[in-house]
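What follows is a short report on a single structure.
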Number of protein chains: 2
Amino acid sequence: MKRFVEVEQWLKTHGIRLTDQRRLVVRRAVAYLHFTAEELVKDVQEFDPSVARGTVYRTLAMLQQAGMVEKHDFRYGPPNYEVTFAKAHHDHLMCLHCGEIIEFQEPRWERLQDEVATRYKYQLLTHTHKLYGLCAACQGAGDKRLAKPPHLHVEEMVA
Amino acid sequence: MKRFVEVEQWLKTHGIRLTDQRRLVVRRAVAYLHFTAEELVKDVQEFDPSVARGTVYRTLAMLQQAGMVEKHDFRYGPPNYEVTFAKAHHDHLMCLHCGEIIEFQEPRWERLQDEVATRYKYQLLTHTHKLYGLCAACQGAGDKRLAKPPHLHVEEMVA
DNA sequence: TGTTAGTTGAGACTGAGTCTCAAGTAAGAT
DNA sequence: ATCTTACTTGAGACTCAGTCTCAACTAACA
């Protein structure tokens with residue numbers, strides 16, 4: 001089953017009203033790996049220019065609230081969103097030159113984290129762990145500065 | 001020797017002109033553990049209201065460039081700055097209720113990171129690792145939402 | 001097919017940060 | 001000590017991302 005169908009079902013069963021606008025936002029969001037709010041606004045408005053910015057932000061907040069979308073503050077540019085519904089926990093490795101984002105898992109970290117939390121008597125709720133560097137392809141390139149914002153990877157429109 | 005004296009010397013030896021404004025910004029910054037740009041602006045302007053916002057931002061950027069100040073995107077609110085000059089590398093643990101920030105070191109992480117970077121053929125440049133939870137004191141409190149922004153810890157003014 | 005509470009679009013508003021440029025000044029040269 | 005000049009500053013306009021308000025609209029249940 002397509003992911004957006006599951007997301008829509010989840011919304012329905014949780015008493016959240018399904019409007020055309022929300023459907024569109026969800027469908028466009030799941031087509032991306034990572035995206036910024038403004039990118040999603042533009043993308044959604046290409047399909048329906050009448051959808052307001054506020055609606056996209058509100059829907060995004062709602063999805064985040066529901067735990068289907070996560071917001072990441074990568075170090076450069078505005079925050080990045082990711083649809084995490086039915087996805088295993090992972091951390092991120094980002095190329096500072098081309099903006100590639102790799103998702104990886106490292107269970108040994110999770111254990112070390114618990115250890116640290118215990119050390120300081122903290123009840124751990126969440127964490128972010130991000131590595132920044134240069135991917136193999138960009139290590140040769142001359143200018144090592146961030147060339148473009150963290151991106152993107154669009155699948156086809158699933159309408 | 002006071003930290004700000006070292007910072008000022010460093011600036012001097014690197015051909016950066018020492019103005020009264022920069023001196024003030026540096027001195028106020030080293031009085032904090034963590035601070036936001038706007039907090040520093042207000043703080044600096046209490047000592048000299050004629051210092052412009054732009055000047056504080058510019059000085060902050062310069063110090064960051066020089067590697068004496070680090071910018072942290074904690075998950076809530078605007079970015080947090082920290083004077084890292086002559087400080088060992090560390091990561092952060094933050095209480096989501098009272099905003100306490102604990103700095104800790106965990107060398108085993110660094111090794112795991114190198115491993116991950118190698119796995120993906122990345123040249124690692126930097127990383128951020130932040131744990132969020134509830135400190136011992138706040139675990140009992142009723143409302144678990146973030147009560148106030150990441151803060152602060154002011155030492156006395158060193159003028 | 002009502003009814004109504006939840007949702008929307010439009011645009012004003014906010015907060016954080018950047019930019020511009022004329023005026024001011026630190027610090028090396030004289 | 002004073003000159004010179006490139007660097008720095010203050011003021012305020014500007015930008016960008018995100019939030020808020022409110023009248024008009026609509027999904028979904030009765």
Side-chain angles (χ1 to χ4, degrees), chain A residues 8-26 28-29 34-66 69 71-81 146 148-150, chain B residues 8-26 28-29 34-66 69 71-81 146 148-150:
Chain A
E8 290 178 4
Q9 280 185 346
W10 189 96
L11 294 177
K12 207 151 193 159
T13 60
H14 285 72
I16 291 165
R17 195 179 288 183
L18 261 185
T19 64
D20 289 349
Q21 293 88 336
R22 284 178 180 173
R23 251 187 281 267
L24 180 58
V25 171
V26 167
R28 293 313 301 146
H34 293 93
F35 55 92
T36 68
E38 289 299 317
E39 280 164 351
L40 188 58
V41 169
K42 279 205 194 67
D43 185 298
V44 161
Q45 291 181 339
E46 271 179 38
F47 289 89
D48 180 352
S50 77
V51 174
R53 244 156 57 86
T55 298
V56 175
Y57 275 92
R58 278 183 298 235
T59 306
L60 220 35
M62 192 195 67
L63 294 170
Q64 206 190 334
Q65 188 77 20
V69 159
K71 186 177 170 186
H72 298 291
D73 276 305
F74 286 103
R75 237 166 123 150
Y76 308 89
N80 233 270
Y81 292 84
L146 183 61
K148 53 175 183 126
Chain B
E8 290 178 4
Q9 281 186 345
W10 189 96
L11 294 177
K12 206 148 194 163
T13 59
H14 285 72
I16 291 164
R17 195 181 288 183
L18 262 184
T19 64
D20 289 349
Q21 293 89 336
R22 286 177 179 174
R23 251 187 283 266
L24 180 58
V25 171
V26 167
R28 292 313 302 147
H34 292 93
F35 55 92
T36 67
E38 289 298 317
E39 279 164 352
L40 188 59
V41 169
K42 279 204 194 67
D43 185 297
V44 161
Q45 291 182 338
E46 271 179 39
F47 288 90
D48 180 351
S50 78
V51 175
R53 246 156 55 85
T55 298
V56 175
Y57 275 92
R58 278 184 296 237
T59 307
L60 221 35
M62 192 194 67
L63 293 170
Q64 207 189 334
Q65 187 78 20
V69 158
K71 187 176 171 186
H72 298 291
D73 277 304
F74 286 103
R75 237 167 123 149
Y76 308 90
N80 233 270
Y81 291 84
L146 183 62
K148 53 177 181 124

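Every value quoted in this text rests on a predicted model; they were computed, and no experiment measured them. Chain naming here is simple, since letters A, B, ... match the order of the sequence lines and numbering starts at 1 in each.
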What are the two closest non-hydrogen atoms of A:W10 and A:I16, and how far apart are they?
-> CZ3-CD1, 4.4 Å

Please round to the nearest 0.5 Å and tell me the distance separating atom CZ of A:R58 and atom CZ of A:R22.
-> 8.5 Å

Take the angle between the ring planes of A:F74 and A:H34 and call it parallel below 30°, perpendicular above 60°, tilted in between.
-> perpendicular

Exercise: identify the closest heavy-atom pair between B:R53 and B:Q45 | N-NE2, 4.0 Å

Heavy-atom contacts, protein to nucleotides 24-30 of chain C, under 4.0 Å, summarised as B (base), S (sugar-phosphate only) or - (none) per nt, yield -BBS---

To the nearest 0.5 angstrom, please state how far the CD atom of A:E46 sits from the CG atom of A:L24.
-> 11.0 Å

For the helix from C:dT1-D:dA30 to C:dT30-D:dA1, what is the angle between the axes at its two ends, each from 5 pairs, rounded to 10°?
-> 30°

Can you tell me how far C1' of D:dA17 sits from CG of A:D73, to the nearest Å?
-> 12 Å

Which heavy atom in B:L11 sits nearest to a heavy atom in B:M62, and how many Å separate them?
-> CD2-CE, 4.1 Å

Find the distance A:Q45:CD to C:dT8:P and express it as a whole number of Å.
-> 14 Å

In this structure, OH of B:Y81 is separated from CD of B:Q64 (nearest 0.5 Å) by 5.5 Å

Would you say B:R22 reaches D:dT8's phosphate, i.e. side-chain N/O to OP1/OP2 under 4.0 Å?
-> yes

Taking all non-hydrogen atoms of both residues, which atom of A:A37 and which atom of A:V56 are closest, and how far apart?
-> O-CG1, 4.5 Å

Can you check the B:L11 CG to D:dC7 C1' distance for me, whole Å?
-> 14 Å

Quick one: OG1 on A:T19 to CD on A:Q21, what's the gap to the nearest 0.5 Å?
-> 4.5 Å

Using a heavy-atom distance cut-off of less than 4.0 Å, which residues of residues 57-66 of chain B contact DNA chain D?
-> B:R58

Would you say the base of D:dG10 and the side-chain of B:R53 have a donor-acceptor pair closer than 3.5 Å?
-> no

Grab the NZ-P distance between A:K42 and D:dG18 for me, whole Å please.
-> 11 Å

Specify the closest pair of heavy atoms between B:D73 and B:P79, including all atoms of both residues, with the distance to one decimal.
-> OD1-CB, 3.6 Å

Whole angstrom is fine here: how far is it from CZ in A:F35 over to C1' in D:dG18?
-> 15 Å

